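Each remark here refers to the structure printed beneath this line.
None of these values were measured; they are calculated from a predicted model. Excluded from the calculations below are hydrogen atoms, water molecules and symmetry mates; all remaining heavy atoms, backbone and side chain alike, are included.
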Amino acid sequence: MIVLQHDDILSEVHFRIGAQPLALVAGELEETAAGGLIYRRFDESVLAFTDPERIPWRADV
């Protein structure tokens, strides 16, 4: 398990369930008027990624 913090705020947790990686990230998605997505980090919501390599703001872990 890898835990990432930013200024004493828990921001990401990376772990595996069997062979499947899972990343839980503090953040939120907002849809733009054009239909795109804006990723906001450190929000009160939790985003789950099953492919941590594709996290838009991925930290090097």
Are [X] and [Y] packed together at the side-chain level, in the sense that at least one heavy-atom pair is separated by less than 4.5 angstrom?
X: R41; Y: S11; value: yes
X: V13; Y: F15; value: yes
X: E12; Y: L24; value: no
X: F49; Y: V25; value: yes

Query - Closest contact, heavy atoms only, E31 versus L37 - result: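 What the structure gives for the nearest pair is CA-CD2, 4.1 Å.
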Report task. State, to 0.1 Å, how close A48 and L22 come at their nearest heavy-atom pair, and which atoms those are. Result ->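 So the minimum-distance heavy-atom pair works out to CB-CD1, 4.4 Å.
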Report task. Find the distance between CD (Q20) and OG1 (T50) and round it off to the nearest 0.5 Å. Result -> 5.5 Å
Query raised in the report: Given the rule that I, L, V, M, F, W and Y join up when any side-chain heavy atoms are under 4.5 Å apart, are I38 and V46 in one cluster?
Result: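 In one cluster with I38: V46, no.
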**Report entry** Backbone of R40 reached by a side-chain donor or acceptor of E30 within 3.5 Å
**Finding:**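 No; zero donor-acceptor contacts below 3.5 Å.
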